[in-house]
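Residue numbers begin at 1 in each chain, while the letters A, B, ... track the order of the sequences. Because the structure is a prediction, the values reported are computed rather than measured.
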2 protein chains.
Amino acid sequence: MVGGMQSRTPASRATGRPRSATADAAILAATREALVELGWSKLTLGDVATRAGVAKTTLYRRWAGKNELVVDAVAELFDELEIPNRGSLAADIEGVVLQFAAILARPEARSGLMAVIAESTRDDALRERIRTSIVERQKRLVLEGRTRAQARGELPPESDPTAVDLIFDVVAGAVVHRTLVSAEPADEQWVRAFTRLLLVGLGGAAG
Amino acid sequence: MVGGMQSRTPASRATGRPRSATADAAILAATREALVELGWSKLTLGDVATRAGVAKTTLYRRWAGKNELVVDAVAELFDELEIPNRGSLAADIEGVVLQFAAILARPEARSGLMAVIAESTRDDALRERIRTSIVERQKRLVLEGRTRAQARGELPPESDPTAVDLIFDVVAGAVVHRTLVSAEPADEQWVRAFTRLLLVGLGGAAG
DNA sequence: GCAGTTACGCTACGGGTCGTAGCGAAAGAT
DNA sequence: ATCTTTCGCTACGACCCGTAGCGTAACTGC
């Protein structure tokens with residue numbers, strides 16, 4: 001579960017009919033299904049409610065609108081992200097980038113993620129929701145990978161705390177740009193070349 | 001001008017009343033103005049027409065819909081992009097990245113660009129329009145910068161033609177992710193750190 | 001059990017936007 | 001002057017939005 005949806009009131013009351021967890025799951029699944037079939041712009045909340053088998057009003061009791069709903073629906077796709085321990089920094093990077101690319105290859109992520117990010121440029125609350133439920137989880141992987149590499153002696157202990165932010169923007173940005181803007185797959189070959197570039201830079205001997 | 005709007009028919013006829021170029025410019029300017037004030041989702045074509053002082057029908061004769069209109073309106077922002085010749089590869093990179101960041105800092109670019117990219121994941125024609133009128137122009141800068149660096153002897157002559165694509169995705173992706181997802185400014189300090197990372201990689205001695 | 005409280009499904013509604021059609025007038029080309 | 005195309009304007013059905021109101025269902029505490 002994501003944890004980003006509306007809490008019912010101040011501190012969840014223990015009285016009255018409880019909200020159906022089944023309905024939550026059905027709505028989020030229906031949202032992803034609609035994203036695949038219709039894309040962001042043609043997705044309507046009425047249609048999602050019908051697909052999920054719930055009333056439109058039920059949907060509006062949980063989510064404020066299309067933006068929040070899609071953020072939660074897409075966020076679940078990132079639950080599976082984990083950084084593998086493959087023994088070397090290069091292998092670790094390749095592993096996590098491939099996982100990230102696999103998620104972005106799915107149509108429900110492609111059409112949904114960019115759209116909510118676009119909306120978040122004018123909605124601070126939405127941006128925060130995206131940050132906590134999607135971006136932070138990714139960034140944690142970068143931190144883990146670097147800590148591991150430092151323990152192995154592959155990287156010097158870093159003093160600058162903003163270095164992680166930079167690396168994260170480079171890694172995530174490159175994969176997103178490759179898959180969504182250039183519209184080319186981030187396959188193993190590309191990931192290897194990218195990892196090499198990230199490790200040794202432009203100055204490194206070219207392949 | 002962008003050159004991406006609808007040609008009137010097969011080969012532009014020379015008879016009848018010609019289309020008003022003034023109207024074109026007014027519509028595109030009004031679109032950017034509406035993007036700033038309303039953002040993508042609340043922007044309506046009727047409102048744009050009113051702002052531009054033209055009839056709604058006039059707008060529909062030129063653009064098929066919101067997507068195409070915004071692409072053209074945003075594309076004009078990238079007309080000013082040029083790679084400066086600063087004498088070294090590092091300085092060249094810093095210069096072009098700062099220019100790119102300056103464009104992405106403008107609200108009409110932030111809210112518009114990501115939205116049309118999101119839409120392009122389900123619309124090949126739109127993606128192609130974005131590619132030719134926005135992306136390719138950026139990529140040309142990367143090519144120029146690399147050619148220049150090779151002439152200076154800073155980079156070895158590259159055999160792999162896909163290397164440019166990779167570098168482009170990394171540079172553009174990092175800047176976009178920094179400004180739109182992390183929502184932090186790509187200022188001089190960040191650009192310097194990024195350029196260093198791009199040149200020497202993670203293995204390079206840390207600051 | 002029984003009352004109290006909340007969630008649910010359903011229907012209906014005003015308000016807004018979409019994209020198009022139809023009209024007469026305007027602006028050029030020949 | 002005539003022909004062709006664009007322009008501004010109005011009007012229209014279709015769709016989606018977000019909410020209100022109602023009766024019913026589910027769960028809690030007495």
Discussion item. Per the ring pair (Phe, Tyr, Trp, His ring centres under 6.0 Å) rule, what does the pair list look like for residues 77-98 of chain B, sequence neighbours excluded?
Written reply: none

Discussion item. Expressed as a whole number of angstroms, how long is the span from A:Tyr60:OH to D:dG18:P?
Written reply: 4 Å

Worksheet item: Of the nucleotides C:dT20, D:dC9, D:dG18, which has the atom closest to the B:Ala55 side chain?
Response: D:dC9

Worksheet item: Taking only residues at least two apart or on different chains, which pairs with a member in residues 93-115 of chain A satisfy side-chain hydrogen bond (donor to acceptor under 3.5 Å, both in side chains)?
Response: A:Arg106-A:Glu108

Worksheet, complete the sentence: residues 44-53 of chain A vs side-chain hydrogen bond (donor to acceptor under 3.5 Å, both in side chains), sequence neighbours excluded, gives A:Glu33-A:Arg51, A:Glu37-A:Arg51, A:Asp47-A:Arg51

Practice prompt. Whole angstrom is fine here: how far is it from CZ in B:Arg62 over to P in D:dT5?
Written response: 16 Å

Worksheet entry | Within residues 40-53 of chain B: residues closer than 4.0 Å to DNA chain C (heavy atoms) | B:Thr44, B:Leu45, B:Gly46

Worksheet item: Could you run down nucleotides 24-30 of chain C 5' to 3' and tag each one B, S or - for protein heavy-atom contact under 4.0 Å?
Response: --BBBS-

Worksheet item: Sequence neighbours excluded, which residues qualify as salt bridge (charged side-chain N to carboxylate O under 4.0 Å, His left out) partners of A:Arg152?
Response: A:Asp92, A:Glu154

Worksheet entry | B:Ser41 and A:Glu119: side chain donor to acceptor below 3.5 Å | yes

Practice prompt. Assess whether one donor atom and one acceptor atom, taken from the side chain of A:Lys56 and the base of C:dG9, lie less than 3.5 Å apart.
Written response: no

Fill in: Per B:Thr57 side chain, nearest of listed nucleotides D:dC7, C:dG22, C:dC8
C:dG22

Worksheet entry | salt_bridge(B:Arg140, B:Glu144) N-O dist < 4.0 Å | yes

Item to complete: Would you mind telling me which of A:Ile103, A:Ile134, A:Leu113, A:Leu104 makes a side-chain contact (heavy atoms from CB on, under 4.5 Å) with A:Leu77?
Response: A:Ile103

Response to the item:
When rounded to whole Å, the CH2 to C1' distance for the pair A:Trp63 and D:dC17 reads 18 Å

Worksheet, complete the sentence: When B:Leu98, B:Val175, B:Ile93 are each screened for side-chain contact (heavy atoms from CB on, under 4.5 Å) with B:Val191, the one that passes is B:Leu98

Worksheet item: In whole Å, what is the span from the CG atom of A:Leu59 to the P atom of C:dC8?
Response: 11 Å

